[in-house]
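Remember, it's 1-based here, ligands and their atoms both numbered in the order they're listed. The residues of the chain are indexed from 1 along the displayed sequence.
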Amino acid sequence: MGVVLGIESSCDETAAALVDGHRTILAQHIASQDDAHRPYGGVVPEIAARAHVERVMPLVAATLVDAGMTLADVAAVAVTAGPGLIGGVMVGLVSAKALALAADKPLMAINHLEGHALSARLADPALEFPYLLLLVSGGHCQILVVSGVGRYRRLATTIDDALGEAFDKTAKILGLGFPGGPAVEAAAARGDPRAVPLPRPLLGSAEPHFSFAGLKSAVLRAKQAGSHADEDIAAAFQAAAIDCVIDRTRRALVAAGAVGALVVAGGVAANRAMRTALQALAAERGLRFSAPPAALCTDNAAMIAWAGVERLGTGQNDPLDFAPRPRWPLDPSAEVVRGAGIKA
Ligand code: KG4
Ligand code: ZN
C-alpha cells in the first residue's frame, strides 16, 4: 500500500509526516510553538495560526527531502480538518488542498480525534478492533468503543474540563510553567500524594462521564492555604485524577460489551503513572493494553498520515471543497451531556 503525507496544525504543533502501509514512519517533522505561547500561559489562537502559515510548507518540503521522495511518490494527502482552532485548521487544510490539486492526489480530510483514536494501531500491529479507547488530551476527554475505521461509539465525555486542561491549570496554579502536563508529572514524582486530601469528582457514579472542575478548584484552595508543598499538591492532584480515570474506565468497560483491548491515546496518555494504572486495570480484566509511545500521544502528523493509510484501505477520500470543521464529534449520535456543550 502507498505512502501517505500527513499534515497537522489544529492546535500549537505544526507537523508533517510520511507513513506507509507497513506502519513505517518514513520521515516526520514537528515544530512546537511552546516558546511563542509561554508568555501567555496558554495557546493564543491568532499567534498559532500565523506560526502555522510560516512553518507548514517548509516542514512538508523537509519531510519529503528526508524520505528522498517528491509529491509524485505519495498515494494521498491527509490533513487534520477539525476539530481544533479554526485558524490553524484552515492553514493546514488549504495547504493540503493545494498540494493535492497540484500533484493530482486524493485529499483525505481527517478528524484529529480519529488520528488519536487510530494512533495505537500505528504503534501496535497486533491491536485489532474492537477496543475501548480512553482519549485524553488538552481539549478532549472521552471513552469510546472503536469497532473499525470510522466506527466510533462514545460512552463518556467530560461535563466540564478535559483532563489535559486540568493538568495545565494545575501547573498554572502551582507556577510550574507551560505546557503543564509534563511539569505536573515531574513535580508529582517528588511529592507525597497523601499529604493533601483532594476530591474525586463523579467517582462511583453510574454513567462513566468525567468531571475535573471541582478537582481544579480544590487544587487552587490547597495552594492558597499556603501550608502544602507544591510537589505534594501535584502528587495529590495526579493521584486523584488517576483514581477518577480508573473508576470511569472500569465503569465504561461494563457498558462497552466485548472488546479485546484497552487503549489510551492523546497527550495525557504520555503520563507514565496513568499508563501504569491503566495497564494494571487491563491485566485485571484480561485485556490487551496498548498505548502509543509518548511522541505519538501528543499532537503529531504521523497519526494523521496513519489515519489516511487506514482510510485508503477503505477506499475513502474527500472533495477539494471540504470545509474545515472546528467542532467535529467522532460519534455524532452521542447524546449531549449537560455542561459539555463546548466540547466536540
Ligand atoms: O493531544 P495533545 O498534544 O493536544 C490536544 O489535542 O489537546 O494533548 C496536549 C495535552 C496538554 O494538556 C498537556 O498538558 C497534556 O496533553 N500532557 C500531559 C503529559 N504530556 C502532555 N498530561 C499529563 N502528563 C503528561 N506527561
Ligand atoms: Zn490532539
* Short side-chain to backbone donor-acceptor contact, Glu310 and Ala307, under 3.5 Å -> no
* To do: May I ask whether Pro182 has any heavy atom positioned less than 4.0 angstrom from an atom of ligand 1?
  => yes
* May I ask you to check if ligand 1 and Thr298 share an N or O to N or O distance below 3.5 Å? => no
* State whether the shortest distance between N or O atoms of Gly164 and N or O atoms of ligand 1 falls below 3.5 angstrom. => yes
* Structure fact -> protein heavy-atom neighbour closest to atom 22 (N) of ligand 1 works out as Gly181 CA, 3.4 Å
* Taking atom 24 (N) of ligand 1 as the reference point, the nearest protein heavy atom with its distance -> Asn271 ND2, 3.1 Å
* Given that the side chain starts at C-beta and the backbone is N, CA, C, O, which of these parts of His116 lies under 4.0 Å from ligand 1, counting heavy atoms, or is it both or neither? -> side chain
* Using the ring of each side chain (for Trp, its six-membered ring), is Phe167 parallel, tilted or perpendicular to Phe237, with breaks at 30° and 60°? -> perpendicular
* Work out which heavy atom in Gly82 is nearest to a heavy atom in Val89; give both atom names and the distance. => N-CG1, 3.8 Å
* Structure fact -> Restricting to heavy atoms, the pick from Gln238, Glu185, His140, Glu8 nearest atom 26 (N) of ligand 1 would be Glu185
* Please identify which atoms of ligand 1 are closer than 4.0 Å to at least one heavy atom of Gly139. => 7 (O)
* Asked: Using a heavy-atom cut-off of under 4.0 Å, does the side chain or the backbone of Asp168 touch ligand 1, or both, or neither?
  -> side chain
* Could you confirm whether Cys11 has any N/O/S atom lying under 2.8 Å from the Zn ion (ligand 2)? => no
* Asked: Of the protein's non-hydrogen atoms, which lies at the shortest distance from atom 17 (N) of ligand 1, and what is that distance?
  -> Gly267 O, 3.5 Å
* Close N or O approach (Pro179, ligand 1; < 3.5 Å) -> no
* Asked: Using 30° and 60° as the class limits, which term best fits the ring planes of His112 and His116: parallel, tilted or perpendicular?
  -> perpendicular
* To do: For the residue pair Lys97 and Leu101, establish whether any side-chain heavy-atom pair is separated by less than 4.5 Å.
  => no
* Using heavy atoms and a threshold below 4.0 Å, how should the contact between His112 and ligand 1 be classified: side chain, backbone, both, or neither? -> side chain
* Asked: More than 12 non-hydrogen atoms from neighbouring residues, nucleotides or ligands closer than 6.0 Å to CZ on Arg50, yes or no?
  -> no
* Asked: What about Leu127 and Val146, same hydrophobic cluster or not, with Ile/Leu/Val/Met/Phe/Trp/Tyr joined at side-chain heavy-atom distances under 4.5 Å?
  -> yes
* Asked: How many degrees, to 10°, between His116 NE2 and Asp299 OD1 as seen from the Zn ion (ligand 2)?
  -> 100°
* Structure fact -> In this structure, atom 4 (O) of ligand 1 is nearest to the protein heavy atom Asp299 OD2, 3.0 Å
* **Contact check: Gly138 vs ligand 1, nitrogen or oxygen atoms, below 3.5 angstrom** => yes
* To do: Please check if the side chain of Asn300 supplies one atom and the backbone of Met303 the other of a donor-acceptor pair under 3.5 Å.
  => yes
* Asked: Any chance the side chains of Glu207 and Ser205 put a donor and an acceptor closer than 3.5 Å?
  -> no
* To do: Could you check if a side-chain atom of Lys223 sits within less than 4.5 angstrom of a side-chain atom of Ile233, using non-hydrogen atoms only?
  => yes
